[in-house]
**Q** 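Here it is: the structure, laid out below.
Just so it is clear, the model here is predicted, and its values are computed rather than measured. Just so we're on the same page: letters track the sequence lines, and every chain starts at 1.
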Amino acid sequence: MHRLKISILIIRTNKMKNSKVAELLKSTEFDRIVNVKGWVRTKRGNNKVAFIALNDGSVIHNIQVVVDVAAFDEEMLKLITTGAGISATGKLVQSLGQGQSVEIQATEIEVYGTADANTYPLQKKGHSLEFLREIAHLRPRTNTFGAVLRIRHSLAFAIHKYFNDRGFYYLHTPIVTGSDAEGAGAMFRVTTLDALKPPLTETGEVNFKEDFFGKATNLTVSGQLEGELGATALSLIYTFGPTFRAENSNTPRHLAEFWMIEPEMAFYDITDNMDLAEDFLKYLVNYAIEHNADDLEFLNNMYDKELVARLRSITETKYERLDYTEAIEILTKSGKTFEFPVFWGVDLQSEHERYLVEQHFKKPVILTNYPRDIKAFYMKQNDDGKTVRAMDVLFPNIGEIIGGSQREEVYEKLVSRMREMHIPEKEMWWYLETRQYGTVPHSGFGLGFERLVLFVTGMKNIRDVIPFPRTPQNAEF
RNA sequence: UCCUCCUUAGCUCAGUUGGUUAGAGCAUCUGACUGUUAAUCAGAGGGUCGCUAGUUCAAGUCUAGCAGGGGGAGCCA
């Protein structure tokens, strides 16, 4: 009986509740024994007392673990270097030193895993974002990437919350698609055929009838067309999933694999669409300001002194809405010489968009009614015969953050546009049937998730706002 | 894909008109120090100067090719 009691006690001690750093730093319940587990950021001190800055990713701040050197095994303490994974138990007290409000006076420390200081690449200071990109498996352990990843999570959660609270349904559109008519860029082929000797047809072409799906398939470049199928049944839907583009784009704003949010709304016209886009963006930015204040403050101090002010202004200002035609007038009258000449009918270049947003209006701009020849086949045609009800939301620093439109719901108009643009009607029979049976006005848009995260974090390169970026010639990790 | 820049210690970077033994801070190791805040102080170890070829008496430095990376552009989200 006696023994049993002792063993139960031991088990209870070992299973003491682990507290997250975030929760301990906020606590005012002092003089209790707590346990915290995490990774060592730095250790400093002298031969009497050592201070361990411990981080577990729950918050950007570290908790200070105070170690009475005499009370611990010297060899064990030597194992505690930057990067080591440890568990520390001790009394939570108000800090005796400056710089932090609480600290833990350690009574017990367990080292789970060491990090050899001679080879561990992360140090206390001085890492470039370029270097960190090459060690993407370890960079989540840095302050910067901790902050970015927590903000990324918040925004993803806020997207679901925003739509759920407003009666939208999350629709899972396919990742593998047999339709190559989406027209949004080069696609990645999905196949189980032998790359060296694929089965051939009588005319010598690859015979995709023998492929897994019995036809040529690719990774999706957009969930929009399937999204429209959902919206013409559930009224309000959104998609939020990975998207793949095989473009050879090497820029700080492009990824081959990225995440996209695509709401699609029945009975919405282009104005409803713009209202939703503006309200949505303001909500998301505001959500981050409210829920990620510590992380934003860190990024503001380290990378971009105007970050928080810029985020605030985006939530407070009314976005400028104007026609493409008016934008062209502003640009031609601006007196500025652009690298790419401006005239009615051209697609706006980055330099033009940047001028409108950053210099002329100094706030986000929503452009509408673009020339139909530079926009997709499914956009609602205006009565002038020249323009379509497209809308692009342009943001400072990153340019186009949202692209959308009211959709063409009139069967005849849609078909004639498809013929003009050589979109294969036969393959798109299912899309066309939404216009044959109970067609209604509807609208939607696409938001590039990483571009949103880029804007909110103030990072400069899109490869730094996704854990494991996929870009041309790079699919490491 | 086009234009342009970069590559020197584990990391961040200096390195003059080509010239003897390539430097600093941080990190590491040793020592000192009773509460540190990127701790501090003293000392030590650490380099095929991205790779290959060339020019030259002599190349980290000049030239070419290749590799990796950055920035700008296009395509777009």
**Q** Looking at rU40(B), does its base get a donor-acceptor pair with the side chain of Asn46(A) below 3.5 Å?
**A** no
**Q** Begin from the C-alpha positions of Arg44(A) and Thr42(A) and carry the test side chain to side chain donor-acceptor pair (under 3.5 Å) through to its verdict.
**A** CA-CA 7 Å; Arg44(A) 53 181 174 256; Thr42(A) 80; 3.3 Å; yes
**Q** Taking only side-chain nitrogens and oxygens of Arg463(A), does any of them come within less than 4.0 Å of OP1 or OP2 of rG70(B)?
**A** yes
**Q** Would the Phe280(A) and Tyr162(A) ring centres measure less than 6.0 Å apart?
**A** yes
**Q** Please work out if Glu353(A) contacts a base, only the sugar-phosphate, or nothing of the nucleic acid, heavy-atom cut-off 4.0 Å.
**A** nothing
**Q** Have a look at Ser95(A) and say if it touches a base, only the backbone sugar-phosphate, or nothing, with a 4.0 Å heavy-atom cut-off.
**A** base
**Q** Are more than 12 heavy atoms from other residues, nucleotides or ligands located less than 6.0 Å from atom NZ of Lys91(A)?
**A** no
**Q** Would you say Gln349(A) reaches rG74(B)'s phosphate, i.e. side-chain N/O to OP1/OP2 under 4.0 Å?
**A** yes
**Q** Please state the C1' separation for the pair rC62(B) and rA9(B) - nearest whole angstrom.
**A** 25 Å
**Q** At under 4.0 Å between heavy atoms, what does Arg139(A) touch on the DNA or RNA strands: base, sugar-phosphate, or nothing?
**A** nothing
**Q** Going by modelled atom types, is there a donor-acceptor pair between the base of rG35(B) and the side chain of Glu103(A) at under 3.5 Å?
**A** yes
**Q** I want to check a possible cation-pi pair here: Arg166(A) against Tyr283(A), using under 6.0 Å from ring centre and within 45° of the ring axis as the test.
**A** yes
**Q** Mind checking Phe131(A) for me? I need base, sugar-phosphate or nothing, with any heavy atom below 4.0 Å counting as a touch.
**A** sugar-phosphate
**Q** Just call it for Leu122(A): base, sugar-phosphate, or nothing, with non-hydrogen atoms closer than 4.0 Å on any strand.
**A** nothing
**Q** Would you state whether a donor and an acceptor, one from the side chain of Gln100(A) and one from the base of rU36(B), lie under 3.5 Å apart?
**A** yes
**Q** Taking atom types as they are modelled, is there a donor-acceptor pair under 3.5 Å from the base of rC75(B) to the side chain of Ser249(A)?
**A** yes
**Q** As a test of reading the structure: which of rU1(B), rU34(B), rG69(B) is closest to the side chain of Glu130(A), going by heavy atoms?
**A** rG69(B)
**Q** Mind checking whether His442(A) and Tyr268(A) have ring centres under 6.0 Å apart?
**A** no
**Q** Output the single nucleotide from rU28(B), rU34(B), rU36(B) whose closest atom is nearest the side chain of Ala117(A).
**A** rU28(B)
**Q** Of Thr82(A) and Ala256(A), whose closest RNA chain B nucleotide lies nearer the 5' terminus?
**A** Thr82(A)
**Q** Between rA24(B) and rA14(B), how far apart are the C1' atoms? Round to whole Å, please.
**A** 7 Å
**Q** Quantified in whole Å, what is the P atom distance between nucleotide rC76(B) and nucleotide rU4(B)?
**A** 25 Å
**Q** Within the pair Arg44(A) and rC33(B), is there a side-chain N or O less than 4.0 Å away from OP1 or OP2?
**A** no
**Q** Scan Glu134(A) against the nucleic acid and name what it touches under 4.0 Å (heavy atoms): base, sugar-phosphate only, or nothing.
**A** sugar-phosphate
**Q** When rounded to the nearest Å, what value does the distance between P atoms of rC6(B) and rU63(B) take?
**A** 10 Å
**Q** Less than 4.0 angstrom between a side-chain N/O of Arg253(A) and OP1 or OP2 of rA73(B), yes or no?
**A** yes
**Q** Represent RNA chain B in dot-bracket notation, 5' to 3'. Only Watson-Crick or G-U wobble pairs with both distances under 3.5 Å count; pseudoknot-style crossings use [ ] and interstrand partners use |.
**A** (((((((..((((.....[...)))).(((((.......))))).....(((((..]....))))))))))))....
**Q** Mind calculating the distance between CZ (Arg133(A)) and C1' (rU12(B)) to the nearest angstrom?
**A** 16 Å
**Q** Taking only side-chain N and O atoms of Asn461(A), does any of them lie within less than 4.0 angstrom of OP1 or OP2 on rG71(B)?
**A** yes
**Q** Do Phe240(A) and His160(A) have side-chain heavy atoms sitting under 4.5 Å apart?
**A** yes
**Q** What orientation do Tyr170(A) and His172(A) show, parallel under 30°, tilted 30 to 60°, or perpendicular over 60°?
**A** tilted
**Q** Kindly say whether, by distance alone, the side chain of Gln98(A) makes a donor-acceptor pair under 3.5 Å with the base of rU36(B)?
**A** no
**Q** Does Phe258(A) stack onto the base of rA77(B), taking stacking as ring centres under 5.5 Å apart and planes under 30° apart?
**A** yes
**Q** Could you check whether Glu408(A) pairs with Arg389(A) (Lys NZ or Arg NE/NH1/NH2 to Asp/Glu carboxylate O, under 4.0 Å)?
**A** no
**Q** For RNA chain B, whose closest nucleotide is more 5', that of Met260(A) or that of Leu96(A)?
**A** Leu96(A)
**Q** Look at the aromatic rings of Tyr355(A) and Phe338(A) and report parallel, tilted or perpendicular, splitting at 30° and 60°.
**A** perpendicular
**Q** Examine rG74(B): is either OP1 or OP2 under 4.0 Å from a nitrogen or oxygen in the side chain of Thr251(A)? Give yes or no.
**A** no
